[in-house]
Amino acid sequence: MNGAHDMGGVHGFGAVVPEPDEPVFHADWERRVLALVLAMGATGEWTLDAARFARENRPPAEYLSKSYYQLWLGGLEQLLVERGLVAPAELAAGRSLRPAKPVRRTLAAGEATGLLKRGRPTNREAPRPARFQVGDQVRAKNIHPLTHTRLPRYARGRTGTVTRVHGCHVFPDSNAHGHGEDPQWLYTVSFPGRELWGAAADPTVTVSIDAFEPYLEPAP
């Protein structure tokens, strides 16, 4: 989807200014939000890609007015309501109004650190040979799906070079919407800055993105 989360190259928002020595959390409630998202993600009631889509799929005014962890909390609340785990009235009340609905799995406190360190690898066995190799010229398809995608808008319709082949991985566009993992080859594709943003762009700039095979086609 073309949401406010996909802002690469958009004018009018100024430069990205990194915060020196940025802390992991700016407030204690952010720590609790991370714990809630981790614990509920471990239940298996939704996938990592569904959680990412829930954070990104918000009205632009709401997305741009919220902080990073406010978006995490908003996405979690949406998933909880969609799965019937929390009622809107309970969110409004700030407390449970009915017995808890069973979930597939629960995460014990002692498992949290190990889970964070392990992560959830997304590499999968390849169902077919890779279509592209390092050095191939490819063009990112000019697609505008209403559903989840990891292909940034600024790269669509642009030509770049495959610089790395990462193997097969879970395809977020499918996995986010409950359509299965559908593993796809994943590539790093490098684009000249002027290919992305025209002649006025810095000629020394190149941008590399990780792009799944369904996003790409041979360059003409």
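Only heavy atoms go into these numbers, but all of them, side chains included; no hydrogens, no water, no symmetry mates.
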Subject >> Parallel, tilted or perpendicular, as decided by the 30° and 60° cut-offs, for the rings of F132 and Y187 >> reply: perpendicular
Original post:
Are V134 and T163 close enough that some pair of their side-chain heavy atoms sits under 4.5 Å apart?
Top reply: no
**OP:** Check whether any side-chain N or O of T122 sits under 3.5 Å from a backbone N or O of H169 as a donor-acceptor pair, and report yes or no.
**Re:** no
Original post:
Could R131 and W185 be counted as a cation-pi pair, given that NZ or CZ must be under 6.0 Å from the ring centre and within 45° of the axis?
Top reply: no
Original post:
Under the 3.5 angstrom rule, does the side chain of D182 hit a backbone N or O of F171 as a donor-acceptor pair?
Top reply: no
Original post:
Using 30° and 60° as the class limits, which term best fits the ring planes of Y215 and F212: parallel, tilted or perpendicular?
Top reply: perpendicular
Original post:
Donor-acceptor pair, K141 side chain versus P214 backbone, under 3.5 Å?
Top reply: yes
Subject >> Donor-acceptor under 3.5 Å (R104 side chain, G44 main chain) >> reply: yes
**OP:** Would you indicate whether R164, at its atom CZ, is surrounded by more than 12 heavy atoms from other residues, nucleotides or ligands within a distance under 6.0 Å?
**Re:** no
Subject >> Where L151 and A155 come nearest, the two heavy atoms and their spacing >> reply: CD1-CB, 4.5 Å
Original post:
Step by step, would you call E56 with R150 a salt bridge (Lys or Arg N to Asp or Glu O under 4.0 Å)?
Top reply: CA-CA 11 Å; E56 296 174 350; R150 305 303 298 165; 2.9 Å; yes
**OP:** May I ask whether M40 and F53 are part of the same hydrophobic cluster, defined by side-chain heavy atoms of I, L, V, M, F, W, Y residues being less than 4.5 angstrom apart, directly or through others?
**Re:** no
Subject >> Ring geometry between Y69 and F25 (parallel below 30°, tilted from 30 to 60°, perpendicular above 60°) >> reply: tilted
Original post:
Above 12 or not: heavy atoms from other molecules or residues under 6.0 Å from CD of E22?
Top reply: yes
Original post:
Do D173 and H148 have side-chain atoms, one donor and one acceptor, less than 3.5 Å apart?
Top reply: no
Original post:
Are there more than 12 heavy atoms of other residues, nucleotides or ligands under 6.0 Å from atom CZ of R95?
Top reply: no
Subject >> side-chain contact (heavy atoms from CB on, under 4.5 Å) assessment of V138 paired with V189 >> reply: CA-CA 8 Å; V138 294; V189 181; 3.8 Å; yes
Subject >> Any side-chain donor near an acceptor of the partner, N175 and R52, under 3.5 Å >> reply: no
**OP:** Could you tell me the separation between the CG atom of D136 and the CD atom of Q133, rounded to the nearest 0.5 Å?
**Re:** 6.5 Å
Original post:
Going by atom types alone, do Q78 and R58 pair a side-chain donor with an acceptor below 3.5 Å?
Top reply: yes
**OP:** Treat each ILVMFWY residue as a node, draw an edge where side-chain heavy atoms are under 4.5 Å apart, and state whether W46 and L36 are in one component.
**Re:** yes
**OP:** Would you kindly say whether D202 and T204 are connected by a side-chain donor-acceptor distance under 3.5 Å?
**Re:** yes
**OP:** Run the numbers on E77 and V86 for side-chain contact (heavy atoms from CB on, under 4.5 Å), then give the verdict.
**Re:** CA-CA 8 Å; E77 291 175 346; V86 168; over 6 Å; no
**OP:** Identify the heavy atoms of C168 and P127 that sit nearest to each other, and give their distance.
**Re:** SG-CD, 3.7 Å
**OP:** Locate the shortest heavy-atom distance separating R139 from P220; write the atom from each residue and the value.
**Re:** NH1-CG, 3.6 Å
Original post:
Going by distance alone, is a donor N or O of one side chain under 3.5 Å from an acceptor N or O of the other, for T161 and Q137?
Top reply: yes
Original post:
Just by distance, with hydrogens left out, do Q70 and R55 show a side-chain donor and acceptor under 3.5 Å apart?
Top reply: no
**OP:** Count the heavy atoms of every other residue, nucleotide or ligand shown that sit under 6.0 Å from CG of L116, and state whether that count exceeds 12.
**Re:** yes
Original post:
Any salt bridge between E45 and R105, counting N to O under 4.0 Å?
Top reply: no
